[in-house]
Amino acid sequence: MKIFIPIQCTLVLLFSFCPLVLAGDVWRITSLDWQPFSDSKSLTQGSSIQKLRKLLENEGIELIVEFYPWARAQDIAQQENYVGYFPAWPEEVGEGFVASSPVDWSDLAVMTYVGSGLEWTGLEALFEFKVGLVKSYEYPDGISRYARKRIENVDATPNETALLRKLSCERIKVAITSPTVMFYLAEKLAIDNVTILKRVGKTPLVVAFRKTPENLKRRRLLEELLKKSEASELNAE
């Protein structure tokens, strides 16, 4: 008994202090086609999803990704067998979900067509013109505020491809989106007349975890993996 009790206590302590050890776990998430960050037709499923998958593989965790239109992806992720959805801007983390730290980053810019004659004088002035936005996206606060204020000048498109086509055909004066996504699609569609008017910053891409005790443990694990990855990158420099 004197030998058994300490071993038993040690096991209890190990399990009580290591709640993040989830080797063999499977994370099922939803996503959207948002090339090159997430891509249902790519073997890697996109650069951001590949980054998340590599982080999890180091812990023996399998990542399963299902692709849907973005609003539907967020709705489906509320079901019990899903961990959440990714990649999301922080503003897109809805009720019942909690955001991770940034797994990746996307750029954000005001785009226009070549020869539009537009000059950058600020976001508020921009909404004097027809501004193209993707209707299923929740844009950062500054953009959303002006969009709500001048809703009559907002052209809400169903997806990035429609946004690109409208801009290219000069049906809208400007579009706000990731230029990485826009130029990726433009190359695929042989469109060469869109350009950046003004870069407005970088936006974190986070995992929106469905808020359950198990998923909060998964979130803590991901935080640890992100810290380790960041430390490893700093040491490599």
S.K.: What pairs with Glu66 under salt bridge (charged side-chain N to carboxylate O under 4.0 Å, His left out), at least two apart in sequence or on another chain?
M.R.: Arg28

S.K.: When rounded to the nearest 0.5 angstrom, what distance separates CG in Asp33 from CD in Gln45?
M.R.: 10.0 Å

S.K.: Could you tell me whether Arg150 and Glu128 make a salt bridge, using a distance below 4.0 angstrom between a side-chain N and a carboxylate O?
M.R.: yes

S.K.: Got a second to check how far Tyr137's OH is from Asn159's CG, nearest 0.5 Å?
M.R.: 7.5 Å

S.K.: Determine the sole option in Lys135, Arg165, Lys166 for which the salt bridge (charged side-chain N to carboxylate O under 4.0 Å, His left out) test with Asp155 is passed.
M.R.: Lys166

S.K.: Is there side-chain contact between Asp104 and Pro87, with heavy atoms separated by less than 4.5 Å?
M.R.: no

S.K.: In this structure, would Ile172 and Leu118 fall into the same cluster of hydrophobic residues linked by side-chain contacts under 4.5 Å?
M.R.: yes

S.K.: Strictly distance-based, threshold 3.5 Å: is any side-chain N or O of Thr157 a donor or acceptor partner for the main-chain N or O of Ala162?
M.R.: no

S.K.: How would you list all residue pairs meeting side chain to side chain donor-acceptor pair (under 3.5 Å) that involve residues 190-205, not counting sequence neighbours?
M.R.: Ser168-Asn193

S.K.: Is it possible for you to say whether Trp120 and Val194 belong to one hydrophobic cluster, with membership spreading through side-chain heavy-atom contacts below 4.5 Å?
M.R.: yes

S.K.: Is there a side-chain contact between Trp70 and Glu92 (heavy atoms, below 4.5 Å)?
M.R.: yes

S.K.: Please give the remaining members of the hydrophobic cluster of Val114, linking ILVMFWY side chains under 4.5 Å, ordered by chain and number.
M.R.: none

S.K.: To the nearest 0.5 Å, what is the distance between CD1 (Ile76) and OH (Tyr68)?
M.R.: 4.0 Å

S.K.: So which heavy atom on Arg218 is nearest to which on Asn215, and how close?
M.R.: NH1-OD1, 2.7 Å

S.K.: Please report the shortest heavy-atom distance between Pro179 and Ile196, naming the atom on each side.
M.R.: CB-CD1, 3.8 Å

S.K.: Considering all heavy atoms of both residues, which atom of Phe127 and which atom of Ala147 are nearest to each other, and what is their separation?
M.R.: CE2-CA, 3.7 Å

S.K.: Side chains of Met111 and Phe183: closer than 4.5 Å at any heavy-atom pair?
M.R.: yes

S.K.: If you round to the nearest 0.5 Å, how far is CD1 of Ile49 from OG of Ser42?
M.R.: 9.0 Å

S.K.: So, for Val103 and Leu55, which heavy atoms are closest and what is the spacing to 0.1 Å?
M.R.: CG1-CD1, 4.5 Å

S.K.: Just do the side-chain contact (heavy atoms from CB on, under 4.5 Å) check on Leu189 and Thr161 with the steps written out, would you?
M.R.: CA-CA 9 Å; Leu189 297 171; Thr161 302; 4.0 Å; yes

S.K.: Please walk me through it: do Phe209 and Val83 pass side-chain contact (heavy atoms from CB on, under 4.5 Å)?
M.R.: CA-CA 6 Å; Phe209 285 95; Val83 168; 3.4 Å; yes

S.K.: Look only at the side chain of Tyr146 and the backbone of Ala125, and say whether a donor-acceptor pair between them is shorter than 3.5 Å.
M.R.: no

S.K.: For the residue pair Trp34 and Ser106, establish whether any side-chain heavy-atom pair is separated by less than 4.5 Å.
M.R.: yes

S.K.: With sequence neighbours excluded, tell me which residues meet ring-ring contact (aromatic ring centres under 6.0 Å, His included) with Tyr82.
M.R.: none

S.K.: Is a donor on one side and an acceptor on the other found under 3.5 Å between the side chain of Gln35 and the backbone of Leu185?
M.R.: no

S.K.: Do the side chain of Thr112 and the main chain of Val174 share a donor and acceptor less than 3.5 angstrom apart?
M.R.: no

S.K.: Output, in order, the C-alpha distance, side-chain angles, deciding distance and verdict of side-chain contact (heavy atoms from CB on, under 4.5 Å) for Ser31 and Phe86.
M.R.: CA-CA 5 Å; Ser31 189; Phe86 174 77; 5.7 Å; no

S.K.: Minimum heavy-atom separation for Trp27 and Asp25, please, with both atom names.
M.R.: NE1-OD2, 3.1 Å

S.K.: Applying side chain to side chain donor-acceptor pair (under 3.5 Å), can you list everything that pairs with Ser144, at least two apart in sequence or on another chain?
M.R.: none

S.K.: Roughly how far, to the nearest 0.5 Å, is the CG atom of Leu225 from the OG atom of Ser100?
M.R.: 11.5 Å

S.K.: State the OG-CZ distance between Ser178 and Phe37, to the nearest 0.5 angstrom.
M.R.: 4.0 Å

S.K.: Check whether any side-chain heavy atom of Ile143 sits under 4.5 Å from a side-chain heavy atom of Val131, and report yes or no.
M.R.: no

S.K.: Taking CD in Gln79 as the centre, count heavy atoms belonging to other residues, nucleotides or ligands within less than 6.0 Å. Is the count above 12?
M.R.: yes

S.K.: Is Leu43 isolated, or which residues cluster with it under the ILVMFWY side-chain rule of less than 4.5 Å, directly or via members?
M.R.: none

S.K.: Tell me whether Tyr85 shares a hydrophobic cluster with Trp105, the cluster being built from Ile, Leu, Val, Met, Phe, Trp, Tyr side chains joined at under 4.5 Å.
M.R.: no

S.K.: Is the CD atom of Glu152 crowded by more than 12 outside heavy atoms at less than 6.0 Å?
M.R.: yes

S.K.: For a quick test of reading the model, state the closest non-hydrogen atom pair linking Ala99 to Arg219 and the distance between them.
M.R.: O-NE, 2.7 Å

S.K.: Apply side-chain contact (heavy atoms from CB on, under 4.5 Å) to the pair Ile29 and Leu52, showing each step before the final yes or no.
M.R.: CA-CA 11 Å; Ile29 65 169; Leu52 176 61; 4.2 Å; yes

